[in-house]
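Before any comments, here is the structure.
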Amino acid sequence: MRKAVLLSSIPAMIALVLTMVFWGQLPAKIPIHWDFSGTPDRFAPKLYGMGIFLGMMFFLPVLLLGILKLDPRRRNVEDSSSAVSGILVGISFFLLALQGMVIRAALTPGMKLSTPMIMLFVGLLIAGLGVVMPGVRSNFFMGIRTPWTLDSEQVWIRTHRLARVTMLLGGGAAVISGLAFPAAWSVGVSLGSILLGVLIPAIASYFFFQQEKVQNIG
């Protein structure tokens, strides 16, 4: 698990260096929230605004790994170390991308943020998480946790194998939406695709569980 922290610290350090490089050029107040059109509607002092994602990148891996150590199925968590590393690194690079976009917006006249670009990065994150889903063993804090996946090891495995497909497709659709559609369409298509990518395996876990019950009775 220490490897996961070390790997996730790489994008955090890149973000820190990037922030330091542009620090002197940033305005005293920078946007920290935008509406669906990408227009800023909330501002904060530079130190706070630049520290949000940086703080998350440095402390989220440590916090998450600390929580995972409390899992009653800790052995399964340890067996999922490669997948956990992939998830933490993916999230850290996603936050790095957001930090870069905030810096770019703060230095651009109008301080607008590209909504389609955000959807593109969200899509990449979801697709990346989908790739590692089958490597996540049954636990109470990470993965698709429904009453049926937590009750049955086989249902957990089948659900997460399906999630790899649906999350890849949902994330891929969000990436395409971010590249090809205007902002008004990009948000709806991307969020809808991602939602389906996550909900389908969660719903399917119920039917996998029912199939297993029938097989056990038979």
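Computed from a prediction, not measured in an experiment: that's the story for all the values here.
Of the possible polar contacts, one joining the Ser80 side chain to the Arg137 backbone as a donor-acceptor pair under 3.5 Å is found. A donor-acceptor pair under 3.5 Å is formed between the side chain of Arg145 and the backbone N or O of Gly143. Ser9 places no side-chain N or O within donor-acceptor distance of the main-chain N or O of Ala12, the cut-off being under 3.5 Å.
To the nearest 0.5 Å, atom CG of residue Asp41 and atom CD1 of residue Ile32 are 9.5 Å apart. The CZ atom of Phe53 lies 11.0 Å from the CG atom of Leu96; values are rounded to the nearest 0.5 Å. Note that the CG atom of Leu107 and the CD atom of Gln25 stand 6.0 Å from one another [nearest 0.5 Å]. Taken from CG in Leu124 to CZ in Phe94, the straight-line distance is 9.5 Å, to the nearest 0.5 Å.
Results of the side chain to side chain contact (heavy atoms under 4.5 Å, CB included) test with Ile200 over Val165, Leu169, Thr159, Thr166 single out Thr166 as the only residue that passes.
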Would Thr149 and Ser205 satisfy side-chain hydrogen bond (donor to acceptor under 3.5 Å, both in side chains), going step by step from the backbone distance to the final call? CA-CA 6 Å; Thr149 58; Ser205 68; 5.5 Å; no
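Counting only heavy atoms from C-beta outward, the side chains of Met56 and Ser92 never approach each other to under 4.5 Å.
Shortest non-hydrogen contact noted between Ile87 and Val132 is CG1-CG2, 3.6 Å. Scanning both residues, Asn139 and Phe141, for their nearest heavy atoms gives OD1-N, 2.8 Å.
Residues that satisfy the side-chain hydrogen bond (donor to acceptor under 3.5 Å, both in side chains) test with Asp35, not counting sequence neighbours, are Ser37. Shown here are the ring-ring contact (aromatic ring centres under 6.0 Å, His included) partners of Tyr206, two or more places apart in sequence or in another chain: Trp148. Scored by the side-chain hydrogen bond (donor to acceptor under 3.5 Å, both in side chains) test, Ser138 finds Arg73 as partners (sequence neighbours excluded).
A salt bridge is absent between Glu212 and Arg158: the closest approach of a Lys/Arg side-chain nitrogen to an acidic carboxylate oxygen does not fall below 4.0 angstrom.
For Lys46 and Trp23, the positive end sits near the middle of the six-membered ring, less than 6.0 Å away and at most 45° from its axis.
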